[in-house]
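For reference, the structure is listed below as structure tokens.
Position 1 is the first residue of the sequence; numbering continues from there.
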Amino acid sequence: MDASDEILQMATPSALLTLAGVIRNLNAAMARTLGRTVEQCVGRGFGDLLPTSQLSAVESLVSHAATTKTVAMRVLEFPGPGSASVVCLVEARRVNDPVGGEALVWVHSLDATNDRGGLLIPFRLAAKAANLGLCMYSPQERKLEWLGGAPALAALFPEASMSMSDVVRRVHPDDRGALRRLVRSTAPRSPWIRLRFLTEHDGWHFLVCRARRIILGFGGPERVFGVIRDETKRQARRRRALVALSAERQRADEIAAFSSAVMTAVTEQEVQQVVLTRLAATFGGTGAALAFITNGRLRVSSDAGIPIPVAALHGLPLDAPSPLLHVIRTGEPQFIPNQADYIRRWPHGAMVPYFDQLDSGYAISITSLSPGGDQPLGAWLVTYDSEHRSSPDERALMSTLADLAGQALKRVRLQEARVELATALQQTMLPMLPEHLPGLEAAACYQPSRDGLDIGGDWYDAFVLPDGAIALEIGDVQGHDVDAAAAMGQVRASMRAIAAHEPDPATVLTRTNELLVTMGAARFASCTMLRIDPDDGRVTGASAGHVPLLYARDDGSHSIREMPGGPVLGVLPHADYAEETFTLDKDAALVMVTDGVVEGPALTLDAGLERAGTLAAQAIHDGLNAEETADRILDAAVAVDHLDDVALLIIRRT
């Protein structure tokens with residue numbers, strides 16, 4: 001057809017566009033629908049005047065009409081003259097300008113009065129794709145109509161149409177005011193609101209809703225569209241996460257309190273009080289006992305939770321058939337999950353005659369206070385009133401704290417100073433590296449400042465994650481005192497516990513920071529954490545304000561990697577931590593250090609990093625293993641008269 005003024009004199013929105021989509025002319029109705037004057041529209045791209053979300057649809061519509069010479073139709077959303085958008089069914093066809101013969105595209109709104117449901121199809125599809133529910137409220141009729149979207153949300157509205165009074169009745173009384181404000185809002189888009197909605201079959205749901213005002217067709221009725229997201233499962237996950245975080249915080253508190261109390265005990269009686277007061281609670285048991293060796297025989301004390309008379313154990317010689325004495329003799333812990341296992345392994349044990357008095361499932365964990373080969377000191381045991389199988393992390397922590405208690409007892413008996421006891425804590429809390437790391441070789445070392453007369457919070461850790469990847473940590477807690485050492489153990493234990501469930505370094509740092517901030521920790525800590533896949537050398541790392549990482553290669557070159565991350569741990573709430581992924585090449589090594597290794601009175605941090613990187617790369621080039629490389633770096637650090645603790649962790653891919 002030929003373009004003429006009659007086209008633009010239509011009552012419904014109409015415009016003539018170039019084949020490139022630029023407005024050549026339009027009528028007043030189209031200008032109002034675009035929310036502008038005629039003068040503001042002419043010469044502008046048609047798609048540029050519509051919401052950004054419509055750009056692709058407009059380009060497709062105009063291109064189809066311009067190139068195929070056929071009629072094309074599309075539902076488009078216009079900004080509208082007020083707060084409500086206007087949704088129209090738009091037809092586009094190619095026409096000729098009768099004056100200059102130029103080919104144009106005529107776009108105009110069609111009358112959709114008899115099929116307003118067709119205007120809703122794009123909204124339904126978008127809601128379904130976004131896993132949202134879609135509903136429409138008619139203010140005049142006070143009706144809420146369910147339009148579809150995510151199938152799972154359809155169960156919330158078993159009836160296709162509900163009166164607003166029925167909807168309000170299902171909303172929690174405390175949330176009804178927010179619902180009314182939502183449907184009465186005159187803004188183009190409302191903010192998201194949360195409300196609780198009672199369903200017929202599965203109780204309360206937590207919904208997140210947002211409303212927007214839309215006019216259905218040119219001159220059509222105004223409606224309020226609502227999009228709904230069901231966050232019931234998310235809220236449940238969040239509650240579980242908060243419970244887990246609370247449990248982790250409580251566990252970290254108990255570990256820190258236990259460590260600090262043992263550290264500050266200066267008599268054997270104080271050590272005994274700490275163990276019997278705190279041990280069972282720290283490991284979720286119902287009772288605890290502490291056994292010392294005096295003149296070759298047992299001397300046992302217990303809390304009130306032990307269900308059997310400990311007098312039966314008093315005075316037993318070291319060679320008596322008992323798991324408790326076996327642990328004391330050998331230093332090997334015993335984790336006995338139930339009575340049947342106890343009787344099978346220790347049929348003549350001292351506790352067997354008393355098992356008839358107990359319910360089934362009685363469990364015991366026994367840990368030596370001194371390693372095998374040392375002079376026997378004693379052991380502690382934790383009892384459980386049901387079957388209990390200790391996890392590897394629990395066993396490792398129990399052994400660590402038992403070693404700490406044993407060190408405390410030794411130093412108390414030798415009248416050693418309180419600071420030396422604290423130093424023993426720090427050394428005990430630093431872990432042994434895993435013996436077998438497939439495809440990797442690791443080495444670590446730690447030296448306190450000032451030849452052991454002061455203590456600090458430097459630490460390192462390495463352990464195998466549940467998926468087989470290797471986690472590496474190095475960090476530094478603020479200060480050089482007993483509290484710094486206790487805080488170090490608290491942070492390291494917390495990170496291990498979190499990493500068992502959330503192995504990504506950025507997530508571990510984020511949750512550890514949340515834990516420390518929530519606890520109101522008095523000390524902050526810097527830290528770098530890496531996660532290494534031993535199969536392909538893929539490394540993911542994040543840093544909390546810690547010293548950069550060194551990457552040493554077997555060709556003698558090295559680089560300094562500033563890991564992404566965030567602030568030090570325990571200071572800023574809601575801090576976010578970023579992470580980076582790269583590959584550790586074969587025969588290359590990563591060197592993780594605390595600042596005492598690379599900084600001293602006469603050595604800047606940059607110069608120290610450069611020197612340590614050079615030493616590490618040369619050592620790798622010379623064929624030295626990880627432990628020999630660590631020694632070379634540490635020897636150089638000692639030579640600069642460092643005033644701080646030093647910790648060093650090297651991982652080399654073989």
Side-chain angles (χ1 to χ4, degrees), residues 433 437 439-447 458-462 469-476 505 526-565 578-600 602-642 644-654:
L433 297 182
L437 297 177
L440 300 171
E441 179 189 25
C445 54
Y446 166 80
Q447 286 188 2
D458 286 20
W459 89 90
Y460 61 82
D461 202 359
I470 310 301
L472 302 170
E473 301 169 11
I474 196 162
D476 185 0
S526 67
C527 176
T528 291
M529 180 176 180
L530 303 179
R531 181 182 187 276
I532 301 181
D533 188 331
D535 294 329
D536 58 10
R538 187 177 179 86
V539 181
T540 301
S543 174
H546 196 66
V547 179
L549 192 67
L550 298 172
Y551 189 125
R553 305 173 185 85
D554 61 347
D555 64 0
S557 65
H558 74 278
S559 58
I560 299 172
R561 297 192 73 100
E562 185 88 30
M563 300 301 296
E579 60 186 24
E580 177 184 351
T581 299
F582 60 95
T583 299
L584 177 62
D585 295 330
K586 289 272 190 178
D587 296 318
L590 296 176
V591 182
M592 307 170 72
V593 299
T594 55
D595 54 6
V597 177
V598 291
E599 193 173 28
L603 188 67
T604 66
L605 177 62
D606 290 342
L609 285 168
E610 186 63 29
R611 187 185 64 171
T614 301
L615 290 171
Q618 186 60 48
I620 299 297
H621 178 68
D622 293 343
L624 301 187
N625 60 27
E627 186 170 356
E628 293 166 335
T629 302
D631 289 339
R632 182 175 288 189
I633 297 172
L634 196 60
D635 289 343
V638 172
V640 301
D641 191 26
H642 68 280
D644 201 356
D645 302 335
V646 296
L648 175 67
L649 179 59
I650 294 180
I651 190 82
R652 186 171 74 89
R653 189 177 175 204
T654 58

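- With sequence neighbours excluded, the residues forming a side chain to side chain donor-acceptor pair (under 3.5 Å) with Asp622 are Gln618, Arg632, listed by chain and number.
- For Asp587, the salt bridge (Lys or Arg N to Asp or Glu O under 4.0 Å) test picks out Arg652, with sequence neighbours left out.
- Shown here are the side chain to side chain donor-acceptor pair (under 3.5 Å) partners of Thr594, two or more places apart in sequence or in another chain: Asp458.
- Of the listed residues (Val591, Leu609, Thr604, Asp606), just one forms a side-chain contact (heavy atoms from CB on, under 4.5 Å) with Val598, and that residue is Leu609.
- To the nearest 0.5 Å, atoms CG (Leu472) and CD1 (Ile651) are separated by 5.0 Å.
- Using a 4.5 Å heavy-atom threshold, the side chains of Leu649 and Trp459 count as separate.
- Not counting sequence neighbours, the partners of Ala626 by the side chain to side chain contact (heavy atoms under 4.5 Å, CB included) test are Glu441, Ala443, Ile650.
- In this structure, Asn625 contributes its side chain and Glu628 its backbone to a donor-acceptor pair below 3.5 Å.
- Evaluation of the salt bridge (charged side-chain N to carboxylate O under 4.0 Å, His left out) test over residues 534-554, restricted to residues two or more places apart or in two chains, returns none.
- Taking the side chain as every heavy atom from C-beta outward, Leu584 and Tyr551 approach each other to under 4.5 Å.
- Remark: Glu580 pairs with Arg561 by the side chain to side chain donor-acceptor pair (under 3.5 Å) rule, at least two apart or across chains.
- In the model, Ser526 has a side-chain atom that pairs as donor or acceptor with a side-chain atom of His546 under 3.5 Å.
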